[in-house]
There are 2 protein chains.
Amino acid sequence: MDGRFNLDNQLCFRLYTASRLITQAYHPLLSQHGLTYPQYLVLLVLWEKDSQPVNDIAKRLMLETNTVTPLLKRMEAEGILTRTQGKKDARQMIVKLTNKGQELKEKLSDVPETVGRSVLCESVTPETVPGLFRMLDDIIGQLKHDNNESNG
Amino acid sequence: MDGRFNLDNQLCFRLYTASRLITQAYHPLLSQHGLTYPQYLVLLVLWEKDSQPVNDIAKRLMLETNTVTPLLKRMEAEGILTRTQGKKDARQMIVKLTNKGQELKEKLSDVPETVGRSVLCESVTPETVPGLFRMLDDIIGQLKHDNNESNG
DNA sequence: AGTATTTATATCGTTCACGATGCAAATATA
DNA sequence: TATATTTGCATCGTGAACGATATAAATACT
């Protein structure tokens with residue numbers, strides 16, 4: 001009768017599950033290089049633009065600095081990047097890839113395609129993906145706005 | 001040139017972000033009742049069908065028992081449910097809602113609608129949601145299959 | 001200049017996720 | 001019936017996420 005509480009009707013559960021499972025799909029590809037999925041996301045950001053303060057990385061990933069800081073420290077301990085105090089602004093920590101971090105770009109070059117292929121199916125095709133992206137981007141934009149509003 | 005590594009091209013990042021943000025949207029609604037989002041998912045499962053072994057709950061949520069067990073223990077400590085050894089099979093722990101757990105169903109009755117409204121936007125409407133569900137279900141089905149295969 | 005506020009980052013505590021592993025009960029096989 | 005395998009759940013260790021809070025540097029204000 002009242003399907004409000006039905007798990008199968010929940011958008012969030014689908015997003016939560018899809019996110020977990022696709023992260024699991026990345027796992028074998030990343031773990032052989034000692035990386036986790038969130039660490040891979042940091043690399044994507046730094047490959048795009050090297051030498052950024054913690055805050056810019058966090059904003060790009062829509063994460064808090066209290067999530068990103070320990071993550072960066074682990075990556076620093078692995079020799080993937082360096083964290084140095086900013087010169088203009090001594091509060092900032094500038095994050096910069098090491099050679100090892102830059103070399104990972106080549107080593108992981110087939111990851112996007114491999115994972116991309118693994119999600120293609122009847123309803124998810126090169127034709128339908130833009131529509132899916134649009135909906136997810138809209139949801140993200142909406143929620144980012146709402147969540148910020150309710151905090152102040 | 002080569003957009004393979006562009007964060008904006010990544011499906012997983014969108015799913016990961018959308019999942020996090022929508023979970024954050026649940027937070028104020030759930031935390032006033034002392035619940036987390038994964039705990040709310042357990043309640044959805046038990047409201048659907050009370051008195052289930054740990055394994056059935058884990059399978060329904062597509063989680064491992066080593067994730068679900070501590071979660072259930074915390075909920076037991078809160079007096080939301082009970083865990084009792086199965087009679088037919090002494091290995092099973094049967095999870096059953098307490099009165100408090102059943103009463104939460106009424107107290108949380110407006111949560112699905114509230115969260116549902118908060119994600120509606122131009123491209124996500126009652127008309128387009130079934131298509132979105134279809135794609136997410138396909139992705140989940142695909143990855144569940146793949147991930148199980150690669151383990152054995 | 002001196003004080004208040006904001007900003008950038010970090011620390012702490014709690015709760016997931018999950019790989020690896022352990023253990024006891026149930027089941028299959030010899 | 002004895003032994004091997006499978007199954008259901010739990011424990012342990014690690015790495016996120018994130019709310020709350022702390023701290024120091026930068027900025028605004030008086």
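Atom set for the values below is all heavy atoms of this structure, side chains included, hydrogens, waters and symmetry mates excluded. Below, chain A is the first sequence line, B the second, and so on; all start at residue 1.
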- Message: Regarding A:Q92, tell me which of base, sugar-phosphate or nothing describes its non-hydrogen contacts under 4.0 Å with the strands shown.
- Response: sugar-phosphate

- Query: How would you label the contact of B:K88 with the nucleic acid (heavy atoms, under 4.0 Å): base, sugar-phosphate, or nothing?
  - Reply: sugar-phosphate

Establish, with yes or no, whether the OP1 or OP2 oxygen of [N] is under 4.0 angstrom from a side-chain nitrogen or oxygen of [X].
X     : N      : result
B:K73 : D:dC9  : no
A:Q24 : C:dC18 : yes
A:Y16 : C:dC16 : no
B:T65 : D:dA10 : no

Can you check the [X] [atom1] to [N] [atom2] distance for me, whole Å?
X     : N      : atom1 : atom2 : result
A:E64 : C:dT7  : CD    : P     : 14 Å
B:F13 : D:dA17 : CZ    : P     : 11 Å
A:Y26 : D:dA16 : OH    : C1'   : 17 Å
B:N55 : D:dA10 : CG    : P     : 11 Å
B:L71 : D:dA17 : CG    : C1'   : 15 Å
B:L30 : C:dC16 : CG    : P     : 11 Å
A:I57 : D:dA17 : CD1   : P     : 15 Å
B:H27 : D:dA17 : NE2   : C1'   : 11 Å

- Could you check which of C:dA10, C:dA17, C:dT11 has an atom nearest any side-chain atom of A:R83? C:dA10

- Which nucleotide in C:dT9, D:dC9, D:dC18 has an atom nearest any side-chain atom of A:L63: D:dC18

- Message: Let me check something: do B:L71 and B:I94 share a hydrophobic cluster, defined by ILVMFWY side-chain heavy atoms less than 4.5 Å apart, either directly or through other members?
- Response: no

- Heavy-atom pair of closest approach, residues B:D110 and B:K107: OD1-O, 4.1 Å

Enumerate the protein-to-nucleotides 21-25 of chain D contacts in which both atoms are nitrogen or oxygen and the separation is below 3.5 Å.
unit_1 : atom_1 : unit_2 : atom_2 : d
D:dA25 : N3     : A:R91  : NH1    : 3.4

I want to check something: taking the side chain as every heavy atom from C-beta on, are [X] and [Y] in contact at a cut-off of under 4.5 Å?
X      : Y      : value
A:M62  : B:R20  : yes
A:L108 : A:H33  : yes
B:L143 : A:S118 : yes
A:I22  : B:Y16  : no

- Contacts of type salt bridge (Lys or Arg N to Asp or Glu O under 4.0 Å), residue B:E76, not counting sequence neighbours: B:R83

- Message: Checking the side chain of B:Y26 only, and the main-chain atoms of B:L21 only, is there a donor and an acceptor separated by less than 3.5 Å?
- Response: no

- Item | Within 6.0 Å of CD in A:E48, more than 12 heavy atoms from elsewhere | yes

- Message: So if I take residues 31-51 of chain A and measure heavy-atom distances to DNA chain C, which residues fall below 4.0 Å?
- Response: none

- Note on the structure: Of A:R20 and A:P53, the one whose nearest nucleotide on DNA chain C sits closer to the 5' end is A:P53

- Does B:K87 or A:L21 map to a spot on DNA chain C nearer the 5' end, using the closest nucleotide for each? A:L21

- Sidechain N-carboxylate O distance under 4.0 Å for B:E78, B:R74: no

